[in-house]
Amino acid sequence: QVQLVESGGGLVQAGGSLRLSCATSGRTVSNYAMGWFRQAPGKEREFVAAISWSGGSTFYADSVKGRFTISRDNAKNTVYLQMNSLKPDDTAVYYCATRTAYWASRNGYEYDYWGQGTQVTVSS
């Protein structure tokens with residue numbers, strides 16, 4: 001059974017940083033693409049970042065480009081999201097997900113397994 005567990009969320013002031021982690025079990029993440037998504041209260045889930053199986057290809061939402069960095073440590077079966085220069089608009093529950101494919105995707109429906117989410121709150 002595939003399980004994804006996010007951690008690293010919390011409360012931070014605007015301009016601050018957080019690093020989210022997504023530990024995966026039941027699947028060797030080195031074979032699959034991974035993604036981060038977020039959902040703010042009253043809004044639909046949106047794509048944040050994604051990374052291919054090797055880490056050689058990454059995608060970002062325009063709203064986070066230049067501030068967030070997705071990376072992976074396949075030896076630890078873990079994916080990270082480094083978030084810098086955080087803004088109040090980044091406040092949301094952040095989810096990691098894995099899809100049964102090598103290549104990353106911006107589409108949430110293409111991901112097979114999801115974590116339970118971690119709350120990120122950015123105060124102004």
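In this chain, residues are counted from 1 in sequence order.
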Practice problem: Name all residues meeting the side-chain contact (heavy atoms from CB on, under 4.5 Å) criterion together with Ser7; count only those two or more places apart in sequence or in a different chain, and write none if there are none. | Solution: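 Testing Ser7 for side-chain contact (heavy atoms from CB on, under 4.5 Å), a comparison that skips the adjacent residues, returns Ser21.
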Self-check item: Partner residues of Ser57 under the side-chain contact (heavy atoms from CB on, under 4.5 Å) criterion, sequence neighbours left out
Solution: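 In terms of side-chain contact (heavy atoms from CB on, under 4.5 Å), with neighbours along the sequence ignored, Ser57 is linked to Ser52, Phe59.
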Without placing hydrogens or testing angles, list every side-chain donor-acceptor pair under 3.5 Å for residues 88-95, not counting sequence neighbours.
{"residue": "Asp90", "atom": "OD1", "partner": "Arg38", "partner atom": "NH1", "Å": "2.9"}
{"residue": "Asp90", "atom": "OD1", "partner": "Arg67", "partner atom": "NH2", "Å": "3.0"}
{"residue": "Asp90", "atom": "OD2", "partner": "Arg67", "partner atom": "NH1", "Å": "2.8"}
{"residue": "Asp90", "atom": "OD2", "partner": "Arg67", "partner atom": "NH2", "Å": "3.4"}
{"residue": "Asp90", "atom": "OD2", "partner": "Lys87", "partner atom": "N", "Å": "2.8"}
{"residue": "Thr91", "atom": "OG1", "partner": "Pro88", "partner atom": "O", "Å": "3.0"}
{"residue": "Thr91", "atom": "OG1", "partner": "Val122", "partner atom": "N", "Å": "2.9"}
{"residue": "Thr91", "atom": "OG1", "partner": "Val122", "partner atom": "O", "Å": "3.4"}
{"residue": "Tyr94", "atom": "OH", "partner": "Arg38", "partner atom": "NH1", "Å": "2.9"}
{"residue": "Tyr94", "atom": "OH", "partner": "Asp90", "partner atom": "O", "Å": "2.6"}

Practice problem: State which residues pass ring-ring contact (aromatic ring centres under 6.0 Å, His included) with Phe47; sequence neighbours excluded, sorted by chain then number. | Solution: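 Scan of Phe47 (ring-ring contact (aromatic ring centres under 6.0 Å, His included), adjacent residues dropped) gives Phe37.
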Sequence neighbours excluded, which residues qualify as side-chain hydrogen bond (donor to acceptor under 3.5 Å, both in side chains) partners of [X]?
{"X": "Ser54", "answer": "none"}
{"X": "Asp112", "answer": "Thr100"}
{"X": "Gln119", "answer": "Thr121"}

Mind checking whether [X] and [Y] sit in one hydrophobic cluster, side chains of I, L, V, M, F, W, Y counted as touching below 4.5 Å?
{"X": "Val48", "Y": "Leu18", "result": "yes"}
{"X": "Phe68", "Y": "Val120", "result": "yes"}
{"X": "Ile51", "Y": "Trp53", "result": "no"}
{"X": "Tyr111", "Y": "Ile70", "result": "no"}
{"X": "Leu81", "Y": "Tyr113", "result": "yes"}

Quiz item: Would you say Asp73's side chain and Thr78's backbone share a donor-acceptor pair under 3.5 angstrom?
Solution: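 Absent.
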Quiz item: Distance-only, no hydrogens or angles: does the Gln116 side chain make a donor-acceptor pair with backbone N or O of Val5 under 3.5 Å?
Solution: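 Pair absent, no side-chain N/O of Gln116 close to backbone of Val5.
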For [X] versus [Y], what's the shortest heavy-atom pair and its separation?
{"X": "Trp36", "Y": "Val79", "answer": "NE1-CG1, 3.6 Å"}
{"X": "Tyr60", "Y": "Thr69", "answer": "OH-CA, 3.3 Å"}
{"X": "Ser17", "Y": "Asn84", "answer": "OG-OD1, 2.9 Å"}

Exercise. Please lay out, stage by stage, how Trp114 and Arg45 fare under the test side-chain contact (heavy atoms from CB on, under 4.5 Å).
Key: CA-CA 12 Å; Trp114 295 78; Arg45 182 182 64 196; 3.4 Å; yes
Practice problem: Can you sort out the partners of Lys43 under salt bridge (charged side-chain N to carboxylate O under 4.0 Å, His left out), two or more places apart, ordered by chain and number? | Solution: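 In terms of salt bridge (charged side-chain N to carboxylate O under 4.0 Å, His left out), with neighbours along the sequence ignored, Lys43 is linked to no residue.
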Salt bridge (Lys or Arg N to Asp or Glu O under 4.0 Å): which pairs involve [range], sequence neighbours left out?
{"range": "residues 94-110", "result": "Arg99-Glu110"}
{"range": "residues 7-22", "result": "none"}
{"range": "residues 76-86", "result": "none"}

Quiz item: For residues 8-55, which residue pairs qualify under disulfide bond (SG atoms under 2.5 Å apart), counting only residues two or more places apart or in two chains?
Solution: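 For residues 8-55: Cys22-Cys96.
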Quiz prompt | Reported CZ-to-OG1 distance for the pair Arg72 and Thr58, which is rounded to 0.5 angstrom | solution =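 Arg72 CZ to Thr58 OG1: 11.5 Å, rounded to 0.5 Å.
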Quiz item: Would Glu6 and Leu20 satisfy side-chain contact (heavy atoms from CB on, under 4.5 Å), going step by step from the backbone distance to the final call?
Solution: CA-CA 7 Å; Glu6 302 95 337; Leu20 305 184; over 6 Å; no
